[in-house]
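Presented below is the structure to which this report refers.
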Amino acid sequence: CINCIADVLFDQRDFPEAKEKYQSAKSLFASIEDKLGLGNCTKRLGDIEFQNDQYEKALELYDEAYRFYSESGSINGLANTTRNLGEVFMKQKNYPSAIKKMNEAVAIFYKTGDGMGLADCYNNLAMIKKVQGEIREAIQYAEKGFTLANEIGTPEIVQVSAFDLVEFY
């Protein structure tokens with residue numbers, strides 16, 4: 001499974017090798033018209049560009065992945081890719097677009113019951129509101145993220161949320 005090897009390489013932060021494997025897997029998925037496989041590979045290629053601070057390329061790839069997920073009917077893929085788009089906009093300091101995408105992702109994660117995705121979006125929204133100087137709203141989002149992450153028992157998100165809250169108080 002080329003895609004599985006690419007995932008391992010990505011987790012090891014060997015982005016050049018992972019990129020090569022995802023591109024190979026993407027070609028195979030294209031040859032059998034597997035839209036979900038195409039979405040997954042394209043999203044991961046976007047993740048690599050994001051990790052390399054290549055935000056315009058990441059946007060292009062996330063947009064492409066979004067289309068594949070739409071065609072395949074993958075709600076989880078749509079939710080994660082929408083959040084990724086919001087994160088790229090955050091890095092570009094395009095806060096109105098980031099907020100729009102994060103709120104879209106919140107709505108999808110809410111429908112799917114993905115508490116971890118919700119908590120992550122709330123933490124992102126808290127960071128955006130903090131940068132915009134809207135501290136009261138930032139605190140509300142950080143508290144939502146903390147409460148949700150704590151309920152789920154997701155230590156890494158609890159830690160991020162707690163750190164955000166400490167900064168506010």
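Computed over heavy atoms, backbone and side chain alike; hydrogens, waters and symmetry mates excluded.
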I need the [X] [atom1] to [Y] [atom2] distance, nearest 0.5 Å.
X	Y	atom1	atom2	answer
Ile75	Lys111	CD1	NZ	7.5 Å
Tyr95	Gln132	OH	CD	7.5 Å
Ile139	Arg136	CD1	CZ	8.0 Å
Met116	Cys121	CE	SG	11.0 Å
Thr81	Tyr62	OG1	OH	8.0 Å
Leu38	Leu28	CG	CG	10.0 Å

Indicate the atoms forming the closest heavy-atom contact of [X] with [Y], along with that distance.
X	Y	result
Ser70	Leu78	OG-CD2, 3.4 Å
Leu125	Met102	CD2-CB, 3.6 Å
Leu148	Gly115	CD2-O, 3.5 Å
Gly39	Ala65	O-CB, 3.7 Å
Ala79	Phe109	CB-CE2, 3.4 Å
Leu45	Lys26	CD1-CD, 4.1 Å

Contacts satisfying salt bridge (charged side-chain N to carboxylate O under 4.0 Å, His left out) that involve residues 74-96 (not counting sequence neighbours) are Arg83-Asp120
With distance as the sole test, does [X] use its side chain to make a donor-acceptor pair with the main-chain N or O of [Y] at under 3.5 Å?
X	Y	result
Ser27	Gln23	yes
Asn150	Phe146	no
Ser97	Asn94	no
Asp34	Leu36	yes

Of all residues at least two apart in sequence or in a different chain, which pass the salt bridge (Lys or Arg N to Asp or Glu O under 4.0 Å) check with [X]?
X	value
Asp11	Arg44
Lys144	none
Lys43	Asp47
Glu17	none

Do you reckon [X] sits in the same ILVMFWY cluster as [Y], going by side-chain contacts under 4.5 Å, direct or chained?
X	Y	result
Ile152	Tyr141	yes
Phe89	Tyr122	no
Ile128	Val131	yes
Phe29	Phe68	yes

Run the side chain to side chain contact (heavy atoms under 4.5 Å, CB included) check on Lys101 and Asn84 step by step: do they pass?
CA-CA 9 Å; Lys101 288 299 177 187; Asn84 293 137; over 6 Å; no
Task: Output field: ring centroids Phe50/Tyr55 closer than 6.0 Å - done: yes
Those residues at least two apart in sequence (or on a different chain) that pass side-chain contact (heavy atoms from CB on, under 4.5 Å) with Glu56 are Leu59, Gln92
- request: Output, in order, the C-alpha distance, side-chain angles, deciding distance and verdict of side chain to side chain donor-acceptor pair (under 3.5 Å) for Asn40 and Tyr69.
  value: CA-CA 8 Å; Asn40 290 338; Tyr69 286 135; 2.6 Å; yes
Carboxylate-amine/guanidinium proximity below 4.0 Å for Arg67 and Glu64 | no
* Between Glu49 and Lys57, does at least one N-O distance fall below 4.0 Å, as a salt bridge requires? -> no
Query raised in the report: With a 4.5 Å limit on heavy-atom distance, are the side chains of Glu104 and Leu85 in contact?
Result: no
Problem - Parallel, tilted or perpendicular: ring planes of Phe10 versus Tyr22, cut at 30 and 60 degrees - result: perpendicular
